[in-house]
Number of protein chains: 4
Amino acid sequence: MPAQRRELRAQGRKTMRRLADAGLQVFAQRGYHESRVDDIVRVAKTSHGTFYLYFSNKEDLLRTLAIDCASEVEGLAAELGPIDSGSGGELALRDFLARFVSTYRRYGVVIRAWMEDQVSDRDIDRLGVRAFTKIATALGGRMEEAGLDPSQTQASAAALMAMIERSSYAITSRDLGVDDEAMVDSLAVLVHRGFFGASATQSRATGSRQ
Amino acid sequence: MPAQRRELRAQGRKTMRRLADAGLQVFAQRGYHESRVDDIVRVAKTSHGTFYLYFSNKEDLLRTLAIDCASEVEGLAAELGPIDSGSGGELALRDFLARFVSTYRRYGVVIRAWMEDQVSDRDIDRLGVRAFTKIATALGGRMEEAGLDPSQTQASAAALMAMIERSSYAITSRDLGVDDEAMVDSLAVLVHRGFFGASATQSRATGSRQ
Amino acid sequence: MPAQRRELRAQGRKTMRRLADAGLQVFAQRGYHESRVDDIVRVAKTSHGTFYLYFSNKEDLLRTLAIDCASEVEGLAAELGPIDSGSGGELALRDFLARFVSTYRRYGVVIRAWMEDQVSDRDIDRLGVRAFTKIATALGGRMEEAGLDPSQTQASAAALMAMIERSSYAITSRDLGVDDEAMVDSLAVLVHRGFFGASATQSRATGSRQ
Amino acid sequence: MPAQRRELRAQGRKTMRRLADAGLQVFAQRGYHESRVDDIVRVAKTSHGTFYLYFSNKEDLLRTLAIDCASEVEGLAAELGPIDSGSGGELALRDFLARFVSTYRRYGVVIRAWMEDQVSDRDIDRLGVRAFTKIATALGGRMEEAGLDPSQTQASAAALMAMIERSSYAITSRDLGVDDEAMVDSLAVLVHRGFFGASATQSRATGSRQ
DNA sequence: CATGAATGAGTGTTCATTCAT
DNA sequence: AATGAATGAACACTCATTCAT
């Protein structure tokens with residue numbers, strides 16, 4: 001009888017949270033597959049037995065994290081407003097990217113597990129597909145508003161997502177000498193110009209069409 | 001160190017090649033970490049012992065494959081010609097992308113291992129960094145020729161690489177209903193326009209500015 | 001490093017002791033190198049996994065045993081009293097030898113590993129060198145008290161140790177038709193006469209100089 | 001059909017000797033059990049296949065070496081002359097010890113395999129038992145001539161052999177700062193005095209009773 | 001609710017020996 | 001006479017999961 005999803009009291013919820021946070025941390029450091037349940041319980045300052053009191057297995061922990069992550073990512077999609085070709089659009093884009101990177105800082109492992117197809121579990125996969133479909137759809141819509149030929153929408157949105165996700169990965173996991181700010185700025189300009197029809201001379205700096 | 005780099009006769013070379021090919025195949029199917037030496041030797045129709053006659057361990061096989069892959073990727077970088085904003089540029093770009101995807105079809109595992117930081121081995125990593133630095137440099141150079149602001153080169157090249165690599169991954173590993181041709185065409189148009197200053201109405205079809 | 005030196009509860013300590021005892025037994029039967037972890041856990045009536053819960057590997061088990069053995073051997077050295085050339089000296093010597101043989105019955109494997117240089121591990125070696133240096137020093141001191149030319153002390157002590165160790169090995173491991181008593185008696189007389197200046201006619205039997 | 005003991009022509013004999021010498025060398029370095037056939041054939045500059053052309057297995061090589069060693073050791077026993085308590089005796093003893101150490105330098109592995117009971121092969125064992133019984137008998141006889149109580153002969157001879165063998169092991173295998181000469185001198189004095197009734201003041205240096 | 005202990009299937013690697021040329 | 005290639009049984013060690021307290 002695998003323990004699970006009972007009503008939890010305060011202490012139980014706290015322990016579960018400790019384990020989830022530890023999972024996020026350990027997965028981020030070592031990668032999901034290389035992470036050991038042992039590491040997780042050590043970080044969470046609890047025991048093996050306790051782990052299986054709250055999660056039926058390692059994958060179940062990832063699934064739990066994936067649910068949280070999906071809801072955060074879908075939130076981003078829902079809140080993505082119009083992006084015009086002017087400096088206002090760039091700012092909106094910048095804001096979106098900053099929030100995405102911040103989500104990635106917390107849930108990078110989950111997103112990578114989705115993008116790099118690290119787990120075979122159907123449920124986890126579905127969560128990722130749905131969340132990223134929403135983001136891609138939102139971005140595609142905004143691009144069409146900005147004048148993109150609809151036949152190109154899908155490919156463009158996919159390409160854009162790849163850029164954003166990999167850049168977030170790079171900034172959060174690889175040791176580059178670049179800080180979030182700088183990288184988000186660069187990316188915003190690039191994306192604005194490449195996907196939302198901003199002209200080369202336009203930028204937050206000038207703020208006006210020329 | 002019983003294994004490696006001795007003079008091999010014809011038969012030995014053949015077996016080694018069988019193992020390398022089997023490695024490529026199994027790694028591609030299951031991912032590097034989830035692949036079992038056992039699977040590889042079964043595919044190569046040889047024995048466990050024989051594997052260790054040619055490779056000192058699983059990682060060593062990956063390293064060997066990485067060397068081949070790096071040389072192929074660096075070849076691509078070396079042969080990347082100028083890409084103008086006209087239809088000739090699009091064709092050149094299309095050709096480059098097609099070759100990249102074809103390399104990815106063979107060496108996808110290795111490239112993913114590099115990009116997804118799957119192995120801790122320094123040597124393997126170095127090979128990847130070097131090869132992709134060359135490609136990024138080559139692309140960056142071509143973008144600058146096409147008028148890109150040099151301060152944006154590095155970020156642009158990195159973003160472009162991400163797009164190309166992830167797209168190749170998608171087309172070769174995920175089950176999309178898209179064939180290589182269509183996807184390379186789409187990507188070429190997109191990249192040409194987004195990174196090499198082609199205008200929206202321009203395309204191979206018309207080939208002329210309007 | 002999942003194994004080792006945590007706080008153990010009663011049950012854990014018991015299991016660890018069972019494993020250590022099993023190690024002693026199996027090592028003694030087959031020799032350290034020829035012993036299989038498999039044999040040890042079978043004797044200890046536990047599982048493979050449990051072994052690695054308490055020892056990080058086979059060598060670590062030997063190291064643990066070596067620590068115990070060293071402390072017992074050093075105890076012998078510390079308690080070695082003066083050995084005069086009379087029958088009292090012979091009795092003291094006999095007592096020492098009997099205790100050494102008894103230690104050998106338990107820790108023979110470890111002592112052999114030291115003496116026959118069976119393991120390359122530095123720590124294990126150091127333990128042996130230290131313990132036997134102490135014994136040799138103690139014996140040397142007693143021999144000098146009994147009139148030995150100090151320039152001969154080191155060689156004499158070494159030779160004596162060799163005799164004692166090999167004899168203990170013979171009596172405990174080889175199938176000789178001799179029991180401990182008889183052999184210790186013989187050895188005591190021999191050593192007393194050869195290294196502590198007892199005259200040929202002297203012995204426990206007479207107990208007096210003639 | 002295990003290859004063996006056919007008539008060998010010049011080339012064959014040469015190859016077999018190369019293998020035997022390589023075995024002696026590799027066994028001495030790593031110990032019998034830790035030696036790999038691979039190491040032996042590499043040192044002998046030949047192949048695995050060739051090894052099994054001359055020896056039916058690793059143990060067979062040791063057996064072959066043991067035969068040679070036994071004959072050399074038995075030679076020593078046969079040539080051991082009387083050892084009186086005077087300086088002539090010491091010289092004779094010194095000569096014997098020097099020859100034993102020299103044999104040990106070549107055949108140490110074999111002698112250790114006998115003494116440390118490293119192999120279970122009956123034949124190899126028998127060879128060792130016979131050879132060392134001869135030496136022990138010879139030494140025992142000489143000791144009796146020198147006045148030893150016959151009831152003590154066997155134990156004394158065994159103890160003496162242990163001393164000689166272990167000392168030879170120490171000098172040939174362990175890194176002591178002592179050269180053969182010095183050690184043989186020390187040992188000769190010691191043994192002469194302890195087992196052949198020489199008085200403490202007697203030695204090669206003075207050569208006369210005082 | 002919590003935990004230390006136990007488990008055993010699974011995996012990488014070694015190496016003596018045999019085989020085909 | 002020689003050799004490179006092949007084999008597979010054997011072994012050490014790992015780790016997700018279950019159990020007893």
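Letters A, B, ... are given to chains in the order of the sequence lines, protein chains preceding strands, and every chain is numbered from 1.
For B:Met16 and F:dG4, the CE to P distance is 17 Å, given to the nearest whole Å.
Nucleic acid contact class of B:Gly12 (heavy atoms, under 4.0 Å, all strands): sugar-phosphate only.
As the counterpart of F:dT7, E:dA16 is assigned, both hydrogen-bonding distances of the Watson-Crick or G-U wobble pattern falling under 3.5 Å. Here F:dT21 sits opposite E:dA2 as a Watson-Crick or G-U wobble pair (both hydrogen-bonding atom distances under 3.5 Å).
With F:dA2, E:dA16, F:dA5 as the choices, the nucleotide that has an atom nearest any side-chain atom of D:Thr50 turns out to be F:dA2.
Comparing C:Gln11 and B:Glu59 along DNA chain E, the residue whose closest nucleotide (by nearest heavy atom) sits nearer the 5' end is C:Gln11. The residue among A:Arg9 and D:Gly49 whose nearest nucleotide of DNA chain E is located toward the 5' end is A:Arg9.
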Which is it for B:Arg126 and B:Asp123 under the salt bridge (charged side-chain N to carboxylate O under 4.0 Å, His left out) test, yes or no, and what are the steps along the way? CA-CA 5 Å; B:Arg126 229 192 311 273; B:Asp123 292 344; 3.0 Å; yes

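Judged by a 6.0 Å distance limit and a 45° cone about the ring axis, A:Lys58 is not positioned over the six-membered ring of A:Phe27.
Side-chain contact between B:Thr50 and B:Val41: absent, with no pair of heavy atoms (C-beta onward) separated by less than 4.5 Å.
A sub-4.0 Å separation between OP1 or OP2 of E:dA5 and a side-chain N or O of C:Thr15 is absent. Residue B:Tyr54 places at least one side-chain N or O closer than 4.0 Å to OP1 or OP2 of F:dA6.
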